[in-house]
Amino acid sequence: QVQLLESGGGSVQPGGSLTLSCRAPEYMFPGTCMAWVRQGPGKEREGVATIYTGGGGEFYADAVKGRFLMSRDNFKSSVYLQMDSLKPEDTATYYCAAGESNVRDCERLLTALGAGDIAYWGRGTQVTVSS
C-alpha cells in the first residue's frame, strides 16, 4: 500500500512560519508530480503548490505566492512546504498528494484534484494560525 507520510503541522500565530514534510515511496523520485493540497473549515479542497520530482520549477496558488515555498529532496524521497507570513485564512488540513503517472503538467494539480489526477493522498496534517 502506497503511503504518503506528512509531518510538521501545528499551531502558530499570524506572521509565523511552519515547514511541512512529506515522505513518499522512492519510486516516485524522480518522475512524479507532487502537490500540497489544503482544505479549510467549511471550504473545498484547493491546490496550494506543486512540483515535479524530476526537476523544473514549482507552481503556486495565487493565495500563497511569495509566502510559501515547495521543495524536494530526491535522496530523502521527500517534498516540503515552507510556509512563511502565515495568515488565519491559511488554517486548514494540509495533504500531500502524488499525481497519476500520466500527469506531466504539474501546474494542473493546483485545480485538478479528482481521481484521474491524484493517485495517492496522505492523511493530512493540521495547520492552525491564530492569535
Side-chain angles (χ1 to χ4, degrees):
Q1 184 176 356
V2 174
Q3 286 188 311
L4 302 178
L5 301 175
E6 304 106 332
S7 61
S11 295
V12 65
Q13 292 186 340
S17 298
L18 283 173
T19 299
L20 306 182
S21 301
C22 172
R23 180 75 183 269
E26 290 184 5
Y27 74 84
M28 292 185 180
F29 294 80
T32 303
C33 287
M34 300 294 295
W36 286 100
V37 178
R38 69 185 181 187
Q39 186 165 20
K43 298 180 181 180
E44 294 188 354
R45 289 181 309 183
E46 61 173 342
V48 173
T50 71
I51 196 169
Y52 183 58
T53 58
E58 309 87 53
F59 301 94
Y60 299 93
D62 288 344
V64 306
K65 278 182 182 176
R67 300 189 298 121
F68 289 12
L69 178 67
M70 187 172 184
S71 61
R72 58 185 173 88
D73 186 332
N74 287 20
F75 292 105
K76 295 183 178 179
S77 303
S78 296
V79 295
Y80 307 93
L81 186 67
Q82 170 69 38
M83 304 184 293
D84 297 321
S85 302
L86 282 161
K87 304 175 181 180
E89 51 264 43
D90 293 318
T91 295
T93 300
Y94 284 72
Y95 299 90
C96 179
E100 289 283 359
S101 58
N102 62 334
V103 173
R104 285 296 176 263
D105 174 17
C106 296
E107 187 174 15
R108 159 183 164 186
L109 296 185
L110 290 177
T111 54
L113 301 172
D117 309 296
I118 300 295
Y120 303 103
W121 292 92
R123 292 187 175 184
T125 185
Q126 179 65 36
V127 172
T128 302
V129 185
S130 174
S131 55

Under 4.5 Å between any side-chain heavy atoms of [X] and [Y], yes or no?
| X | Y | answer |
| --- | --- | --- |
| M34 | M70 | yes |
| V37 | W121 | yes |
| S130 | S11 | no |
| T50 | R108 | no |
| T91 | Q126 | yes |

Go through V12 and M83 one step at a time and tell me if the side chain to side chain contact (heavy atoms under 4.5 Å, CB included) criterion holds.
CA-CA 11 Å; V12 65; M83 304 184 293; over 6 Å; no
Got a second to check how far [X]'s [atom1] is from [Y]'s [atom2], nearest 0.5 Å?
| X | Y | atom1 | atom2 | answer |
| --- | --- | --- | --- | --- |
| R45 | I118 | CZ | CD1 | 8.0 Å |
| I51 | C33 | CD1 | SG | 10.0 Å |
| L109 | E100 | CG | CD | 10.0 Å |
| T93 | K43 | OG1 | NZ | 12.0 Å |
| L110 | E46 | CG | CD | 10.0 Å |
| K76 | C22 | NZ | SG | 14.0 Å |

For a quick test of reading the model, state the closest non-hydrogen atom pair linking [X] to [Y] and the distance between them.
| X | Y | result |
| --- | --- | --- |
| L4 | P25 | CD2-CD, 4.0 Å |
| S78 | F29 | N-CZ, 3.5 Å |
| R72 | G55 | NH2-CA, 3.1 Å |
| L81 | A49 | CD1-CB, 4.1 Å |
| N74 | T53 | ND2-O, 2.9 Å |
| S21 | Y80 | OG-CD2, 3.3 Å |

Decide whether [X] and [Y] are clustered together by the hydrophobic rule: side chain heavy atoms of Ile, Leu, Val, Met, Phe, Trp, Tyr closer than 4.5 Å, transitively.
| X | Y | answer |
| --- | --- | --- |
| M28 | L20 | yes |
| V103 | Y120 | no |
| Y52 | Y27 | no |
| L18 | Y95 | no |

Between S131 and Q13, does a side-chain hydrogen bond (donor to acceptor under 3.5 Å, both in side chains) hold up when you go through it step by step?
CA-CA 5 Å; S131 55; Q13 292 186 340; over 6 Å; no
Charged N to carboxylate O below 4.0 Å: is that the case for D90 and K87?
no
Evaluate the side chain to side chain contact (heavy atoms under 4.5 Å, CB included) criterion for residues W36 and E6: first the C-alpha distance (whole Å), next the side-chain angles of each, then the deciding distance (0.1 Å), finally the verdict.
CA-CA 10 Å; W36 286 100; E6 304 106 332; 4.0 Å; yes
Residue F75 excluded, over 12 heavy atoms near CZ under 6.0 Å
no
In terms of heavy-atom contacts, does CZ of R104 have more than 12 from other residues, nucleotides or ligands at under 6.0 Å?
yes
Please name the residue in the list V48, V127, T125 that meets the side chain to side chain contact (heavy atoms under 4.5 Å, CB included) test with R38.
V48
Using 30° and 60° as the class boundaries, would you call the ring planes of Y94 and F68 parallel, tilted or perpendicular?
tilted
